[in-house]
Structures are given as C-alpha cells and as structure tokens.
Amino acid sequence: MHRNRKAAPAVRTARLACCALLVTATALVGCERGSSDGAEETATGPSGCPDVQARAQTAVTRAERADIPWGGPTTGPEAVSGRTIVYVAQTMTNPGVAGAARGVREAARVIGWDVRVIDGGGTPAGIQAAMSEAVALRPSGIVIGGFDPDSTAQQAARANAQRIPLIGWHAVPEPGPSREPDLFTNVTTRVQDVARISAQWIISDSKGRAGVVLITDASIPFARNKSDLIREELTSCRGVRLLSVENIPIPDASSRTPREISSLLSRFQDRWTHSVAINDLYFADAAPAFRAAGEKGSGPPYNIGAGDGDPSAFQRINSRQYQAATVPEPLSLQGWQIVDEFNRAFSGRPASGYTAPVHIATAGNSEGATTWDPSGYREAYRRIWGK
C-alpha cells in the first residue's frame with residue numbers, strides 16, 4: 001500500500017513527541033543502526049539552519065555547472081612503448097570500478113599498451129587471489145581498483161620488491177602519492193569534497209529540514225570514511241536528522257537493499273525525506289522496493305549518490321525514477337589519468353598531482369547525459385603522449 005506522507009496534525013504531533021523521546025534515549029546510548037541523530041525538529045517549516053543553508057546553496061550552485069574546462073596537466077613525458085598493465089578490480093559489479101577500468105582500456109589503446117582486468121569478486125579471498133595473479137604476471141604496472149591495499153599487503157610488498165609501480169583508484173582516502181601503503185599515486189576526487197557537497201545538496205534541497213537515511217559499505221575503508229564525513233557535514237544543520245545508517249556491503253546490495261528499503265519505509269514513513277548513499281548502485285536496487293510501496297519516482301525521499309555516476313544513475317535522474325542527483329566521478333577521465341600516471345612512473349617523473357573537481361548532476365543539468373567528465377582531457381593527454 002502507498003503510505004500516507006501527509007499525516008493528520010494529531011498523528012504528526014504524536015510522532016513528534018515520540019521522536020523527541022527517541023532522540024533523548026539515543027543520546028544516552030549512542031547512535032545505533034536506525035537511530036536518530038541530530039535536531040529534534042520535524043522536516044517541515046522554516047529553515048533549521050539559515051546560514052548553513054545559504055552556504056550550502058552557494059556551493060551546490062557552483063558544483064552544478066556542467067561546463068567545467070580541463071584543469072589538469074598539459075605537459076609531461078611522451079608515451080613509453082611496449083607496456084602491460086593489470087587492473088585488479090574490487091568487483092566489476094561496482095559501476096565506479098568498472099567505469100575506471102573502461103577508461104584505462106580506452107587510454108591504453110591510444111598510447112599502445114596492453115591491459116588485463118582481473119576481477120576480485122568483492123570478497124577478501126577473491127581480491128587476494130586476483131592480486132596474487134597480477135603480481136605473478138610481472139606486468140609493467142598494477143592498478144589497485146577500489147580496495148584497501150592493506151588487505152593485500154603481502155602481494156603489494158612483492159610488487160614493490162619487484163619494482164612494479166602500483167597506482168590506486170579509490171584505494172586510499174587521499175589523492176596523490178602514498179608511502180604507507182606504497183603507491184605511486186592514488187586517483188580519486190577528494191573524498192572530503194564529495195562528502196561535503198552531497199550533504200550540502202540535502203541541506204539546500206530540504207531548506208534545512210530533512211530526515212536522512214545514509215547507506216554505506218563499512219567493509220571498504222574509503223567508503224566508510226566517506227559516510228563518516230557525510231554524517232559530520234549533516235550535523236552542521238540543526239534542522240537535519242539522521243534517521244538511520246545502513247551498512248550494506250556492495251556485493252550484497254542486490255539482495256539486501258530491497259529488504260532494507262521496505263523496512264525503512266515502514267519505520268520512518270513521512271519522516272524520511274532524503275537519502276544519500278556512498279554509491280549510486282544502491283538506488284538501482286532500491287527502486288523496486290520504492291515502486292512496490294507506491295512511492296513516486298520523483299520523491300520523496302529524494303536520493304543522492306555520493307559517487308560514482310554510472311550511466312544507470314543518469315538514466316534514473318533524467319527520468320526522475322527514484323534518484324534526484326549524483327556526485328559523479330569522472331570515470332573515463334580517471335582511467336586516462338591512471339595511464340598517464342603510469343607513463344610518468346615509467347619515465348622516472350613524479351606524479352601529476354591532478355585531482356578532478358566535484359560536480360553534481362541533476363535532471364536540470366544532465367538531460368540526455370550518461371556520464372560526466374571535464375571537457376578536453378582526451379586531447380590534452382594525446383598531446384602530452386605525442387599521440
């Protein structure tokens with residue numbers, strides 16, 4: 001049945017009283033799964049944080065610009081020939097991991113290198129086996145695609161000992177070179193920027209009054225750090241309440257997300273106004289549950305993905321089907337950047353230091369789009385490589 005989002009005043013008053021008691025209780029025991037964390041106001045009425053909301057609106061307006069010009073490297077070493085790259089994927093069911101892999105393959109064809117992708121299947125044992133296979137192949141370089149290098153510390157140490165450069169994609173929280181673990185560089189947007197703008201979009205969109213569900217995968221340090229930062233930013237607005245934090249491992253998303261969404265709809269009803277997930281794929285799996293409950297595709301709850309901006313996310317956004325926005329990684333660009341960073345490593349040059357800016361894609365600025373990347377990067381890298 002379609003749940004009633006417009007509750008009668010008496011019902012809403014009773015809910016508010018109940019919520020106030022729940023918030024008091026959770027303040028004593030801490031924030032557990034499904035608990036409230038934040039303001040005691042309902043998600044209606046005037047802004048709960050006018051100054052914070054104004055800053056959020058300014059940041060969101062800036063991030064919604066789709067015509068971001070190329071701001072990356074324009075100089076570097078010419079292409080080194082005859083190299084082989086192995087891309088070890090956390091799981092190719094993760095659209096971000098798969099999108100970056102496609103970018104690596106595309107760029108490798110241009111520069112004239114061979115690429116092999118080994119899928120870790122999303123399990124610790126599978127990722128370790130994939131990394132062992134990659135090192136045994138003795139390639140020119142290895143990409144750590146979306147998993148914590150510490151989970152394959154022995155394999156990474158063997159690669160370091162064999163002087164095989166390692167480049168991460170979302171492997172550690174910060175972009176750029178890493179000493180522990182030893183990575184030539186890590187290609188990612190700044191997780192702080194992605195987390196902040198995702199939360200700011202909720203604050204801006206809700207006018208400072210929101211009940212939020214946050215979905216994460218705590219088994220991945222990068223994702224766990226991102227969700228922690230989102231929580232921190234949401235607390236900057238006293239009118240925003242964090243209703244629940246759902247820990248759903250990405251490999252289990254297709255089976256668990258529909259059940260969790262159905263439960264959340266029943267528990268929170270019209271208090272649930274917005275959702276944010278560390279990856280767009282959760283909303284693909286959530287859509288059937290929303291649809292079965294009679295929820296309109298255009299919301300509420302209004303859903304934003306804090307990465308990765310795969311084509312299906314753009315499709316949901318543009319058709320207004322259970323996703324309102326995404327903070328897309330420039331996945332193709334990042335694949336090209338990985339190849340360029342390897343070329344710098346092979347040439348004895350330092351990493352480029354480039355980090356792509358954040359962007360918010362909505363139905364208003366991405367109609368017809370399937371991905372997002374700053375313009376001009378292909379031409380820039382071709383000129384650098386002499387291709």
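Everything quoted here is computed from the prediction, not taken from an experiment.
- Expressed to the nearest 0.5 Å, how far OG of Ser366 lies from CD of Glu64 amounts to 10.0 Å.
- Expressed to the nearest 0.5 Å, how far CG of Asp205 lies from CH2 of Trp201 amounts to 4.0 Å.
- For the atom pair CG (Asn225) and CD1 (Ile278), the distance works out to 11.5 Å, reported to the nearest 0.5 Å.
- For the pair Ser266 (side chain) and Ser263 (backbone), a donor-acceptor distance under 3.5 Å is absent.
- Minimum interatomic distance between Asn318 and Ala369 (heavy atoms only, all atoms of both residues): ND2-O, 3.4 Å.
- With 3.5 Å as the limit, one finds no donor-acceptor pair spanning the side chains of Arg62 and Thr58.
- Side chain of Asn279 to backbone of Leu281: a donor-acceptor contact under 3.5 angstrom is found.
- Taking OG from Ser236 and CG from Asp51, the interatomic distance works out to 11.0 Å, rounded to the nearest 0.5 Å.
- The two residues Leu331 and Gly96 make their nearest non-hydrogen contact at CD2-O, 3.6 Å.
- Proximity of a side-chain donor or acceptor of Asp280 to a complementary backbone N or O of Ala313 within less than 3.5 Å is not detected.
- The distance from the CD1 atom of Ile220 to the CG atom of Asp148 is 10.0 Å, given to the nearest 0.5 Å.
- When ring centroids are compared, Phe346 and Trp113 come within the 6.0 Å threshold.
- Between Ser204 and Gln53, the side chains place no donor N or O within less than 3.5 Å of an acceptor N or O (distance only, hydrogens not considered).
- Using a distance-only test at 3.5 Å, with no hydrogens or angles considered, a donor-acceptor pair links the side chain of Asn365 to the main chain of Thr362.
- With a 4.5 Å cut-off on side-chain heavy atoms, Leu166 and Asp182 do not count as touching.
- Ring pair Tyr354/Trp70 is tilted by interplanar angle, where 30° to 60° counts as tilted.
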- [ ] Begin with the C-alpha distance, continue with both residues' side-chain angles, and end with the deciding distance and a verdict on side-chain hydrogen bond (donor to acceptor under 3.5 Å, both in side chains) for Thr61 and Gln57.
- [x] CA-CA 6 Å; Thr61 299; Gln57 180 61 61; 3.0 Å; yes

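- Ion pair Asp340/Arg344 flagged as a salt bridge, since at least one NZ, NE, NH1 or NH2 atom sits closer than 4.0 Å to an Asp/Glu carboxylate oxygen.
- Looking only at side-chain heavy atoms (C-beta outward), Ile142 and Tyr87 stay at 4.5 Å or farther from each other.
- No salt bridge links Arg256 with Glu246; every basic N to acidic carboxylate O contact stays at or beyond 4.0 Å.
- Looking only at distances, a side-chain donor or acceptor of Asn186 sits under 3.5 Å from a matching main-chain atom of Ala171.
- Distance alone, capped at 3.5 Å, places no donor-acceptor pair between the Gln334 side chain and the Glu329 backbone.
- Within 6.0 Å of the CD atom in Gln162, the count of heavy atoms belonging to other residues, nucleotides or ligands exceeds 12.
- Looking only at distances, a side-chain donor or acceptor of Asn343 sits under 3.5 Å from a matching main-chain atom of Pro77.
- For the pair Pro73/Ser352, a side-chain contact is recorded, criterion being any heavy-atom separation below 4.5 Å from C-beta on.
- A donor-acceptor distance shorter than 3.5 angstrom exists from the side chain of His359 to the backbone of Ala63, with no hydrogens or angles considered.
- Arg267 and Glu260 are not joined by a salt bridge, as no carboxylate oxygen comes within less than 4.0 angstrom of a charged side-chain nitrogen.
- For the pair Pro177 and Phe184, the minimum side-chain heavy-atom distance is 4.5 Å or more.
- Of the inter-residue distances, the one linking Gln128 atom CD with Gln155 atom CD reads 5.5 Å to the nearest 0.5 angstrom.
- A parallel orientation is assigned to the rings of Tyr322 and Phe290, their planes being inclined by less than 30° (bins at 30° and 60°).
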